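Everything quoted here is computed from the prediction, not taken from an experiment. Just so it is clear: chains get the letters A, B, ... in the order the sequence lines come, proteins before strands, and each one is counted from 1.
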There are 2 protein chains.
Amino acid sequence: MQDIQLSLTEEDYLKAIFNITEKNRGTASTNDIASSMQTSAAAVTDMVQRMASRKLLDYEKYKGVKLNSVGIAFATQLIRKERLWKVFLHQKLGMDWDKLNDAAEQLKHINTIEVIRKLELFLGSPKYDPHGEPIPNADGRFTLRNQTSLFNLRKTDRAKVVAVRNQSSSFLQFLDDCGISIGSQIEVLQEIDFDLSKRIMINDQTSIVFSSKICQDLYVKQLN
Amino acid sequence: MQDIQLSLTEEDYLKAIFNITEKNRGTASTNDIASSMQTSAAAVTDMVQRMASRKLLDYEKYKGVKLNSVGIAFATQLIRKERLWKVFLHQKLGMDWDKLNDAAEQLKHINTIEVIRKLELFLGSPKYDPHGEPIPNADGRFTLRNQTSLFNLRKTDRAKVVAVRNQSSSFLQFLDDCGISIGSQIEVLQEIDFDLSKRIMINDQTSIVFSSKICQDLYVKQLN
DNA sequence: GCATATATTTAAATTAGTTTAAAAATAAAG
DNA sequence: CTTTATTTTTAAACTAATTTAAATATATGC
């Protein structure tokens, strides 16, 4: 990686921008960044201008922000670190999956490269974090997986839960209550046209109705 | 603990002041803090005045700084976190003991209390870190140990190395080269009046001469 | 195509922490 | 006890990041 030193704040901006651009065909608006960072639009404008002058991203007035290759490289390393720490917190320390993000948020700033390399080995080079999100390798490459949201499944389809899109505590705790975790088997018993909700069988044991919002927030890998 | 939020910088100051006061009968001078923090005396004066107004320490113009009970409590927690992370880095990740401090420096700022509690359990509630320094428990209590510096031993005295006072990379690497680590057995073969150096037998295998400075930087527990 | 609403940027002020240089206090030495 | 050296504090200025309010673009409705 480059020998550019980022402030904690710049790191947080990069990660936020990366996440937004991922869902937004490559571009992030000032307001989206501001609400994601819990700050004002004015602060964002100021910061992205400074970051653009440091060549961390591309910025055009009133047109939003795009990460360039440098910004992507940094953001990817941040995501890598954060997700490795999430695996550590969950698998080694036994922390519940609804509390991982807050703790990993701080840990992602640890920038001793040797720590991260050794952590990865210690964890057995995991490819996915406890929420099912892919962990980029040291070169920044993600392991891709064909997945779809539960929303796209049809009646009688069977699948395995591979990731959660929404990672709010409340959603994760709700999934716990339903007995759903990464790896759970599910089957669509019924599609309810009325509100696009679905009746789902979980692990061949419990049946439950999921709203369309919930279905969208669960990523699955279709089986048969 | 209190619901006071400290900045990263305030945390660093507290830890530095704690370490200085430990060796300095309870008080830390502006200059000592400045050199320990690699900053200017003016910055220190400014900072300790602000910290004093936040009741984190006692400050009297031209008289230096003393930690009060609040400051001690915070500093102790920081030291607890830092030393637990050092154990993790060394025992779990296999990091060499001359590289622990830099990495733990960053990790000590992690302030998710649950992470620290679980980390402690994961590590088996160690009482000492890889440099032999005591790890305070959650209540801030240190496990004391009777130890002395190798400097104070006399001819024929036998002892076990329990801690290193100087934790610079170069000193730790030097100890590695001598085959000395925490737990090593040593015996004083000869006291050299001339310069207060000593000839030492290490683990009943190798003999080597240590300067008085080296002897002062090694803490031991006397055996017989 | 204009009026309005929304999004974004600029400007000015604020805070935490820093620096350098000058001023003041303390300590040391004759 | 006075001079000098050292330490510490104050003052003024600077940087990164923020806020609020005002100004300016862009987008939308009719």
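Side-chain contact between B:Asp139 and B:Arg80: absent, with no pair of heavy atoms (C-beta onward) separated by less than 4.5 Å. By the 4.5 Å heavy-atom criterion applied to side chains, A:Tyr219 and A:Arg145 are not counted as neighbours.
Of all heavy-atom pairs between A:Arg154 and A:Val188, the closest is O-CB, 3.4 Å.
Neither OP1 nor OP2 of C:dT6 sits under 4.0 Å from any side-chain N or O of A:Asn31. OP1 and OP2 of D:dT7 both lie 4.0 Å or more from every side-chain N or O belonging to B:Lys63. For B:Tyr59 and D:dT9, the shortest distance from a side-chain N or O to OP1 or OP2 is below 4.0 Å.
Distance CD (B:Glu60) to C1' (C:dT26): 14 Å, rounded to an integer number of Å.
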Worksheet entry | B/S/- contact track for nucleotides 13-25 of chain D, protein heavy atom under 4.0 Å | ---SBBBBB--BS
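If you check the side chains of A:Ser29 and A:Asn31, you find no donor sitting under 3.5 Å from an acceptor. A:Asn146 and A:Lys221 are not linked by any side-chain donor-acceptor pair at a separation below 3.5 angstrom, with hydrogens and angles left out of the test.
Here NZ of A:Lys66 is found 8.5 Å from CD of A:Glu60. Values are rounded to the nearest 0.5 Å.
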